[in-house]
Structures are given as C-alpha cells and as structure tokens.
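Keep in mind that the numbers below use all heavy atoms, side chains included, and drop hydrogens, waters and symmetry copies.
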Amino acid sequence: DASLRLTAAALLADGDDAMRLRDAHRQLSALDAHAAAPLRDALLYLRARVGVPRDMGYPAARQLRAHLTACVQALPSTGAT
C-alpha cells in the first residue's frame with residue numbers, strides 16, 4: 001500500500017515535493033531485503049501488466065512504469081536473481 005501511495009505521490013508531485021519523495025525512497029530502502037522481495041514482485045507485476053490503451057494512455061503508462069521502477073530500485077536487494 002505504501003509503495004503505491006509513493007508512486008501516486010510521485011506522479012502528482014511538482015518540484016516542491018522533491019524532499020518528501022526522497023524521504024519516501026529512503027523509507028523503502030530501509031526495509032528488510034527479505035520483506036521487500038514480495039513487494040518487489042508485486043510492483044514488477046503491476047508494471048508489466050499496465051495495459052495501453054485499456055488502462056490509460058501511452059504517456060501516462062510510461063510515467064507510471066517509470067515511477068514503479070524507481071520504487072523497485074529503491075528497495076533493498078536480496079542478492080538473488
């Protein structure tokens with residue numbers, strides 16, 4: 001829930017919200033790597049399944065995918081691929 005809220009906030013943010021977004025990414029990176037694994041899987045699943053034009057237009061889908069990717073990259077890695 002929190003990661004999707006962060007994604008939505010990032011999509012709606014303007015330049016004034018940069019500090020709040022950095023704090024949010026810091027919170028994601030503080031998660032335990034093993035606890036973050038299911039979250040990573042869920043975010044990657046959502047990113048892969050966003051449909052254009054069914055769910056949204058192409059530019060909006062690109063932005064959503066980019067912000068989901070940023071959340072995934074902020075998560076700690078377990079080291080396993």
Query - Close side-chain approach of V72 to L39, heavy-atom, < 4.5 Å - result: no
Query raised in the report: Any side-chain hydrogen bond (donor to acceptor under 3.5 Å, both in side chains) pairs touching residues 24-50, not counting sequence neighbours?
Result: D23-R26, R47-T69
Report summary line: Sorted by chain and residue number, the side-chain contact (heavy atoms from CB on, under 4.5 Å) partners of T7 (sequence neighbours excluded) come out as L11, L64, H67, L68, C71
Requested in this report: Can you sort out the partners of R54 under salt bridge (Lys or Arg N to Asp or Glu O under 4.0 Å), two or more places apart, ordered by chain and number?
Outcome: none
Report task. Considering non-hydrogen atoms only, spot the tightest contact between L43 and L75 and give its length. Result -> CD1-CD1, 4.3 Å
**Report entry** Least distance between heavy atoms, A36 atom then L31 atom
**Finding:** CB-CB, 4.3 Å
Query raised in the report: At their closest point, which heavy atom of R65 faces which heavy atom of V50, and how far apart are they?
Result: NH2-O, 2.7 Å
